[in-house]
Amino acid sequence: MESLSPAQARRVALAAQGFGAAAKPSIGTRQLRGTLDRLSVLQLDSVTVFERSHYLPVFARLGHYDKGDLDRLVFARKSNYTEYWAHEAALIPIEHWPLFRWRMQFWRDYYAAHPAAWMHTNDAHIAWVRAELAEKGPLAASQIEDDSRTGKTGWWDWSDTKRALEYLFRVGEVVSAGRTRFERTYALPEQKIPAAVLATEINQADAVRELVRKSAIAHGVGTLRDLADYYRIKQGPAKAAVDDLVDAGELLPVAVAGWGPAYLHRDARIPRRIEATALLSPFDPVVWERARAERMFGFRYRIEIYTPADKRVFGYYTLPLLIDEQLVGRIDLKSDRQARVLRVQSAWREGDHAVDLDRVVGLLRRIAAWQGLDGIEVAEWGDLASPLRLAITR
C-alpha cells in the first residue's frame, strides 16, 4: 500500500480543489466554468454580512472576477446549472440531476410513510401550484402566492405556496430555473432540464458510485467519511461504491498517518508545494466537513452565527485564512456598503503558525476592491488585530 505524509495529503487535497494553480490575467466564463466543474457542487447560503457564500470559493481560487458573470452562468433560465440538495442546497451541473433521483425517491417514500405530514392535508394546494407552473412557466414563490394561502404555517415560517414548492423541489417534481435577487425560480422539470437528461434513468447503486467517484476527484485523497460526506451519502452505500472503484483501479488505498484507511484518486496530483493566500467561506469544500479540516490542518472550526454575541469566541462569520498549505488564522469580515468600508471585525492567529501580514493585507485589499469598497478598518478583537492594523496603515 502506498503511503502519503500528512503534508503530502494536504497538498493533494488543496490541488484537487483548485489551489496552487497559476493566476490567470483575466477571469471570464471559461475560468468560472472550469472551477465549478472541478468542485461539482457550489453550496448556497443566505448570509450576506460579508458576501453570499457561493461567490467566495470562486474568489478564493481565481481572484477578482465579475459576480455578474457567475450569476449569468449559473442562474440564467437557460443555464447549464441547476440546484438540488446535493451536499446542502447547492448548484450542480444540470447533467448531474439524474444522479439524485434516488434521493428524490427517498423523500417521496419518507413523506408517504408519514401520513400526518403537511403535504397530505394540502394536496389540493400542491396541485394548484403545479398547475400554475404548467400554465405560466417558471415562477418565483412570490409570483404565485395567492392571498388566501399566504398565512405563515410554522415550517420555516413559509407560506403554503412556498412549502408546496419546496416539497415538490425536494421530491424532484419541480426544479430550480435560476434565481433573481437570490430568490429561487421554480419550474417543472421539462421546462428546465434538457429532454436527454430528463430521460436518463440511473439506478441507485450506479448513481452513488458515480457521485463517490466525483467526490474522490474533488478530494484528491480522503477517508470513507470524507468521500461520503461530499454528497451526503450514507457510509454503507458509499463503502460499496468505494470498493467498486478500488476494484476498477480508480481509487488507490493509501496510508496517511492519523487518518485511518484512505483512498487516493488515481489522477490526483501530489504537488511539491502549494502557493495560495485565501479566505475560505464556512461552506467551502475544503472546510465544510469539520472533522476533515481538523484532521488535515489541526484547525477546529465552528461558525458562530447562531451563538449569542456575548458568547462568541472568534466572531459572527469568521473565515479560515489559508496561506500556502496551512490554515494559519481566522478573520471575521463585514462589507459595510453604506460606509464603503471592509470591516475586519476580528482577526486571530491559529496556534503557533507564522502569519505573513503583507500577504494578508494584499488579500484584504483585493477583497475590498472586488467588493467595490474604498477602505479597510480593523476592530480591536483578536490576537492578530493590532499587528494587522499596523500592517495596513504603514
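Predicted model, so just to flag it, every value in this text is computed and none were measured.
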Inter-residue atom distance Leu279.CG - Asp284.CG, 0.5 Å rounding: 11.0 Å
Ion pair check, Asp243 and Lys239, cut-off under 4.0 Å: yes
Does any non-hydrogen side-chain atom of Lys162 lie less than 4.5 Å from one of Tyr186? yes
Looking at Glu166 and Arg184, is there a salt bridge between them, counting it only when a charged N and a carboxylate O are closer than 4.0 Å? yes
Could you tell me whether Arg330 sits above the aromatic face of Phe299, with NZ or CZ closer than 6.0 angstrom to the six-membered ring centre and within 45 degrees of the axis? yes
Between Arg30 and Asp69, is there a salt bridge with N-O shorter than 4.0 Å? no
Ion pair Arg292/Asp229, N-O distance below 4.0 Å: no
With the threshold set at 4.0 Å, does a side-chain nitrogen-carboxylate oxygen contact exist between Asp336 and Arg343? yes
Is the terminal nitrogen or CZ of Arg170 (NZ for Lys, CZ for Arg) located under 6.0 angstrom from the six-membered ring centre of Trp85 and within 45° of that ring's axis? yes
Any cation-pi pair here, Arg103 with Phe106, using under 6.0 Å and within 45°? no
Please identify each residue that fulfils side-chain hydrogen bond (donor to acceptor under 3.5 Å, both in side chains) with Thr48, with sequence neighbours left out. none
Quick one: are His64 and Ile27 in side-chain contact, heavy atoms under 4.5 Å? no
Pairing residues for Tyr65 by the ring-ring contact (aromatic ring centres under 6.0 Å, His included) criterion, not counting sequence neighbours: Trp370
Assess, by modelled atom type and distance only, whether the side chains of Arg11 and Gln8 contain a donor and an acceptor separated by less than 3.5 Å. no
Should Asp244 and Arg213 count as an ion pair when the cut-off is N to O under 4.0 Å? no
For residues Arg225 and Gln235, is any side-chain donor paired with an opposing acceptor at under 3.5 Å? no
Separation between CD1 of Ile367 and CD of Glu51, rounded to the nearest 0.5 Å: 11.0 Å
To the closest 0.5 Å, what do you measure between OG1 (Thr318) and CD1 (Ile305)? 9.0 Å
Among Phe100, Tyr84, Trp97, which one satisfies ring pair (Phe, Tyr, Trp, His ring centres under 6.0 Å) with Phe169? Tyr84
Over 60° means perpendicular and under 30° means parallel, so classify the ring planes of Phe75 and Phe182, tilted if in between. perpendicular
Electrostatic pair Lys311-Glu304, nearest N-O below 4.0 angstrom: no
Salt bridge present between Glu173 and Arg108 (N-O < 4.0 angstrom): no
Heavy atoms only: give me the nearest Thr161-Ala141 pair and the separation to one decimal. CG2-O, 4.2 Å
